[in-house]
Protein chains: 2
Amino acid sequence: MAKARKADAPTTRIEKKEATRQQLIAATVEVIAADGFADMTLAKVSQRANVSRGLVNFHFTSKERLLVETLRHLTEEYRASWSRAIAGPRTARDKLLALIRADFSPRVCNRKKIAVWYAFWGEAKSRPTYLEVCAKADGAFAQTVEELCVEIAREGGYAVDAALAARGLRCITDGLWLELLMAPQQFRRDIAIRTCLQYLAALFPNDFLGSEYDHLTQAVLERETPA
Amino acid sequence: MAKARKADAPTTRIEKKEATRQQLIAATVEVIAADGFADMTLAKVSQRANVSRGLVNFHFTSKERLLVETLRHLTEEYRASWSRAIAGPRTARDKLLALIRADFSPRVCNRKKIAVWYAFWGEAKSRPTYLEVCAKADGAFAQTVEELCVEIAREGGYAVDAALAARGLRCITDGLWLELLMAPQQFRRDIAIRTCLQYLAALFPNDFLGSEYDHLTQAVLERETPA
DNA sequence: GATAACACTGAACAGACGTTCAGTCAAATT
DNA sequence: AATTTGACTGAACGTCTGTTCAGTGTTATC
């Protein structure tokens, strides 16, 4: 029984270390979402993670570093979400639909996570490190959306500025996130997706307009129902 | 010379009181933009406003109240901006254009102000008062945009969901604000306005598309040049 | 011109904050 | 089995926080 152990309880030292590290990051997200950036405290984080006060500094050296690592975790999670989403479909049109689907998937698009995103964005101007971390992630996402729009415009023979179209789509999804944050009672996932589809249908009617419209919304929603 | 005094230096007590009150709110905006919500301190605010430490509590009772009043000031300033903008034009189309123009006017749409907006939004989930203040303002704005879209859709005979169209436009402007905050070097006012115009042109082609497209952008920009 | 009102000051206070570190104990190594 | 390693604890620290309040000087009132 030297190396044998229960499957769900990692006992090796490095596994355990990484586990509590993730636990601390998760607790940080919880605390920021619950109390806001200004009232986020290492005492609260360690309490929510069920560890001692001093452990955060042991793992992350300082509060600021913990925050940066939390932001990195968020961006990586988001990147993984959309990059997984576009891996399946073949056509640019279907990839774009998958991207929208991923953007409103409950895993990344829920009020708790979005509150944390906005908290970091609000601090970004005064802490350039946050800006840097976000810029890298946003840049990759923006480029992907733009490439898809370019391809759709080219293949469909649309006379639209694809870069502008891509920027518009990204803005709409960001704005919808804000609506979930600020007016959660009137936010509905299906309406959010319809807002995006309406935009795409207006710009690329041959690809997104018509009988498939409602069908698409439906299909997108069905895949989301788990949460 | 009983009541006579220099025009630019208010000397009556209530005038002076209101002046320093506004000074404190302005200083709060400055500090949040410069240091972020988490590092905003009454000591910094009073220092930037050139008043003593204890004065904030004299005027606003508590730090939290100062923040609420600052948010109220921001929402009121924004409301005044767009409501002044739509007062001039006659047609719904021109009102909508004026609304967009106002949304990107340097007076309300600059990186400092937007950083503060996002700071408050990031805290809104944990402080319902912020949510309440914003909800009222956003509700009025949303309704106005929707009414304009409804009128354009009806008069132009467009077969679009006007509510959805209005929501999309609001989201685009919000998203563009985020771009100014997070990627200021690549943000350009003319591109932002074009992004909105492209959206409107796609939904209401007869009103926003065609030869006037570039002309409109130009006209909008000319009015903005002062800043 | 005397009195009252009041915007404003700045030192003082208690509490909470991030950070440090000597000590602990279980897991890895020998 | 003995030893070393290192993740983890929790009390202690200096600092900075929002808030209070007795005192001050100017403005308004009588």
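Owing to the predicted nature of the structure, the values given are computational and were not obtained by experimental measurement. Just so you know, these numbers use all the heavy atoms, side chains as well, and skip hydrogens, waters and symmetry mates. Throughout, a chain's letter reflects where its sequence line sits, starting with A, and its residues are numbered from 1.
For CD of A/E132, the number of neighbouring non-hydrogen atoms (other residues, nucleotides, ligands) closer than 6.0 Å is 12 at most. Heavy atoms from other residues, nucleotides or ligands lying under 6.0 Å from CD of A/E18 number more than 12. At most 12 heavy atoms of other shown residues, nucleotides or ligands fall within 6.0 angstrom of atom CD in A/Q143.
Remark: C1' of D/dC8 and CD of A/Q47 are 17 Å apart, rounded to the nearest angstrom. Atom pair B/K17:NZ and D/dT27:C1' shows a separation of 14 Å (rounding to whole Å applied). Per the geometry, CD belonging to A/E18 stands 11 Å off P belonging to D/dC8, to the nearest Å. Spacing between atom CD of B/Q23 and atom C1' of C/dA7 amounts to 13 Å, rounded to whole angstrom units. C/dA7 atom C1' lies 12 Å from atom CG of B/L24, rounded to whole Å. In this structure, the CD atom of A/E15 is 16 Å from the C1' atom of C/dA26, given to the nearest Å. Between the C1' atom of C/dA27 and the CD1 atom of A/I14 lies a distance of 12 Å, rounded to the nearest Å.
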Throw together a table of side-chain donor-acceptor distances under 3.5 angstrom for residues 48-61 of chain A, partners on residues two or more places apart or in other chains.
{"unit_1": "A/R48", "atom_1": "NH1", "unit_2": "A/E30", "atom_2": "OE1", "d": "3.4"}
{"unit_1": "A/H59", "atom_1": "NE2", "unit_2": "A/T20", "atom_2": "OG1", "d": "3.4"}

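Ring geometry for A/Y118 versus B/Y118: interplanar angle under 30°, hence parallel rather than tilted (30 to 60°).
The backbone N or O of A/A165 sits less than 3.5 Å from a side-chain atom of A/Y199, completing a donor-acceptor pair. When atom types are taken as modelled, the side chain of B/D94 and the backbone of B/R90 share no donor-acceptor pair closer than 3.5 angstrom. No donor-acceptor distance shorter than 3.5 angstrom exists from the side chain of B/W177 to the backbone of B/W117, with no hydrogens or angles considered.
Between A/E146 and A/R167 the shortest side-chain heavy-atom distance does not fall below 4.5 Å.
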Next item on the list: Sugar-phosphate atoms are those with a prime plus P, OP1 and OP2; base atoms are the rest. Using that split, label each nucleotide of nucleotides 9-20 of chain C B, S or - for protein heavy atoms under 4.0 Å, 5' to 3'.
Entry: BB------SSBB
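Between B/K16 and C/dA7 there is no side-chain polar atom (N or O) within less than 4.0 angstrom of OP1 or OP2.
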Quick test: give all pairs of protein nitrogen or oxygen and nucleotides 1-5 of chain C nitrogen or oxygen below 3.5 Å, distance rounded to 0.1 Å.
{"unit_1": "C/dA5", "atom_1": "N3", "unit_2": "B/R13", "atom_2": "NH2", "d": "3.2"}

